[in-house]
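Shown next, in structure tokens, is the structure this report addresses.
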Amino acid sequence: MEIERRDALTLLAGLAVTACAGSAAAMQPLQAAAAAPPVGLNALAAPKGLRIGSCFASSRPGADAGSFANPAYAALLMRDCGLLVPENELKWQALRPSANSFDFARTDAMLAWAKDKNLAVRGHNLLWHQPKWLPRWLNAYDFGANPAREAERLLVEHITTVCHRYGTQIGSYDVVNEAVDPAISTLYQTSLSRAIGSAEATLDLAFHTARAAAPHAQLVYNDYMSWEPGNAQHRAGVLKLLEGFRRRNVPVQALGVQSHIITQGVDGRATAASLEPEWHRFLKAVTAMGYDLLVTEFDVRDNNLPGDPAVRDQAVADYGKAYLDIMLAQPRLRDVLFWGLSDRYSWIEGFEPRPDHARRRPCPYDDRFAAKPLRAAVAAAIAAAPTRG
Ligand code: XIL
């Protein structure tokens with residue numbers, strides 16, 4: 001699956017890519033588009049018992065890169081969101097320069113801003129269970145004479161320190177991210193899980209530790225299994241993992257469905273209709289085990305579409321609306337977060353550029369912060385959603 005192209009990127013490279021994208025107009029506040037919709041998405045969603053959110057990024061010298069440092073972007077976040085999640089800054093690669101240090105400076109600034117604006121915060125993530133997303137020092141770590149004990153100590157220390165630092169400000173955590181290898185439906189191994197002895201035991205420890213350190217928080221397993229062709233093995237692996245959590249009494253409350261969805265052609269509605277039955281079976285299997293659902297990282301990759309922006313935007317909106325209609329009809333789903341509100345800062349451009357080099361348009365707002373058809377489609381999906389009790 002295309003997602004494997006992630007191999008080419010490290011998280012830090014990702015930071016640099018987004019920083020460059022932003023530096024074209026470094027720190028210059030863009031004027032928000034004149035035709036900004038008057039009612040924010042979160043205000044539309046609240047009466048339905050839903051929350052809308054987005055990732056955001058830290059401010060770095062010389063680049064606004066999706067952060068609250070750009071007043072026009074900050075205005076969008078404040079208008080449309082009730083909930084934010086740091087895009088990269090809570091990950092091990094960002095927080096852990098070494099085995100015995102933490103660097104909280106950027107994350108602290110983001111959370112202080114969110115608090116000041118009265119916006120709720122999710123934590124992403126406490127363990128991204130793949131070597132390529134862990135710090136180099138951890139992949140090469142010498143766990144000493146008693147590897148299991150040292151690995152457990154490191155993991156528990158990390159999770160406990162992060163959870164205690166942010167206390168009740170972080171109401172929901174992606175405790176474990178992307179542990180399932182989609183090619184073979186089984187769990188990845190990392191230096192931590194090898195030292196501990198099994199991947200299951202490592203993930204279980206992460207959840208038990210988060211439960212103890214953040215008793216108030218919603219604990220989520222987050223992954224990118226999706227509804228498009230090629231995802232069956234991934235979905236099966238995630239179901240197996242979720243079943244195991246229940247069998248072993250591991251405190252996992254919800255499945256985070258990342259929702260980096262991919263258009264399959266111009267007729268988004270027809271595609272969605274053909275994918276829906278299989279996807280419903282998956283969601284039903286998840287919720288039947290007692291899990292809640294979240295859409296944690298919604299964006300729409302404009303694949304298999306002509307370059308014409310108007311055609312792409314419409315297809316993205318149709319496909320996105322059909323997807324959100326299904327997700328918002330799920331009574332166990334209350335939160336929908338975008339992986340960025342503006343194409344200007346989206347990770348998709350760096351992750352997988354279009355073959356024709358036309359700039360990606362995966363978000364509800366364009367490069368200049370003007371609302372696109374996807375923004376209207378999301379508002380319509382919210383309006384059509386049933387009210388939760
Ligand atoms: C991405 C960020 O958006 C990039 O800036 C970074 O280079 C790599 O990570 N699934 C996840 C997110 O769980 O953490 C990823 O975020 C996107 C896919």
Side-chain angles (χ1 to χ4, degrees), residues 1-23 53-60 63-67 73 77 83-96 106-107 110 121-136 162 170 172-182 188 190 203 206 219-226 228 231 234 238 241 254-262 294-301 335-353 360 362-363:
M1 156 145 189
E2 276 164 331
I3 213 95
E4 285 309 310
R5 295 188 52 177
R6 280 173 195 195
D7 286 339
L9 284 180
T10 66
L11 180 137
L12 294 174
L15 281 172
V17 167
T18 37
C20 288
S23 67
S54 172
C55 74
F56 72 140
S58 65
S59 74
R60 286 179 295 283
D64 59 66
S67 91
Y73 193 60
L77 294 171
L83 177 64
L84 297 177
V85 56
E87 182 171 2
N88 289 307
E89 294 77 358
L90 207 87
K91 297 170 182 172
W92 279 70
Q93 283 184 357
L95 282 185
R96 302 301 305 275
R106 294 185 305 168
T107 325
M110 298 173 81
V121 180
R122 300 199 68 240
H124 173 80
N125 50 59
L126 295 173
L127 178 64
W128 195 341
H129 186 72
Q130 289 180 43
K132 68 173 174 254
W133 297 114
L134 290 169
R136 270 204 202 116
V162 174
I170 296 188
S172 171
Y173 278 102
D174 293 331
V175 178
V176 174
N177 198 38
E178 300 183 359
V180 174
D181 182 339
Y188 290 105
T190 65
L203 308 193
L219 305 186
V220 179
Y221 174 72
N222 191 51
D223 210 331
Y224 64 88
M225 68 288 124
S226 192
E228 285 94 11
N231 277 264
H234 198 173
V238 169
L241 176 64
L255 174 67
V257 182
Q258 290 185 6
S259 308
H260 298 291
I261 63 173
I262 305 176
L294 301 86
V295 168
T296 49
E297 307 182 11
F298 180 74
D299 52 26
V300 187
R301 209 172 316 158
D335 291 333
V336 175
L337 293 98
F338 295 92
W339 211 239
L341 291 182
S342 161
D343 297 338
R344 184 177 176 80
Y345 305 124
S346 169
W347 73 299
I348 296 289
E349 184 65 35
F351 172 64
E352 188 197 294
R360 288 285 191 183
C363 299

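Quick caveat, the model's predicted, so the values are computed rather than measured. Counting convention: from 1, in listed order, for ligands and their atoms alike.
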Report, in ascending order of atom number, the atoms of ligand 1 lying under 4.0 Å from any heavy atom of E87.
2 (C), 3 (O), 4 (C), 5 (O)
Using heavy atoms and a threshold below 4.0 Å, how should the contact between N88 and ligand 1 be classified: side chain, backbone, both, or neither?
side chain
Counting only nitrogen or oxygen atoms and a 3.5 angstrom limit, does E178 reach ligand 1?
yes
Check W339 against ligand 1 and report side chain, backbone, both or neither, counting heavy atoms closer than 4.0 Å.
side chain
Checking contacts here: is it the side chain or the backbone of D174 that comes within 4.0 Å of ligand 1, counting heavy atoms only? Could be both or neither.
neither
Residues N222 and V257: closest non-hydrogen pair is OD1-N, 4.2 Å
If you count the atoms of ligand 1 from 1 in the order shown, which ones are under 4.0 Å from a heavy atom of K91?
1 (C), 9 (O), 12 (C), 14 (O), 15 (C), 16 (O)
Salt bridge (charged side-chain N to carboxylate O under 4.0 Å, His left out) involving D223 - partner list, sequence neighbours excluded
none
W133 to ligand 1: N or O pair under 3.5 Å?
no
By salt bridge (charged side-chain N to carboxylate O under 4.0 Å, His left out), D335 pairs with (sequence neighbours left out) R51
Contact (N/O only, under 3.5 Å) between E297 and ligand 1:
yes
Between the side chains of W133 and N177, is a donor N or O closer than 3.5 angstrom to an acceptor N or O?
no
Check contact between W128 and ligand 1, using heavy atoms of the residue and a distance below 4.0 angstrom.
yes
Q258 heavy atoms, cut-off 4.0 Å: which ligand 1 atoms fall inside?
10 (N), 11 (C), 13 (O), 18 (C)
Rounded to the nearest 0.5 angstrom, the OH-CG distance for Y221 and L127 is 10.0 Å
To the nearest 0.5 Å, what is the distance between CG on L95 and OG1 on T107?
4.5 Å
If you apply the rule side-chain contact (heavy atoms from CB on, under 4.5 Å), what do you find for H124 with T296, and how did you get there?
CA-CA 10 Å; H124 173 80; T296 49; over 6 Å; no
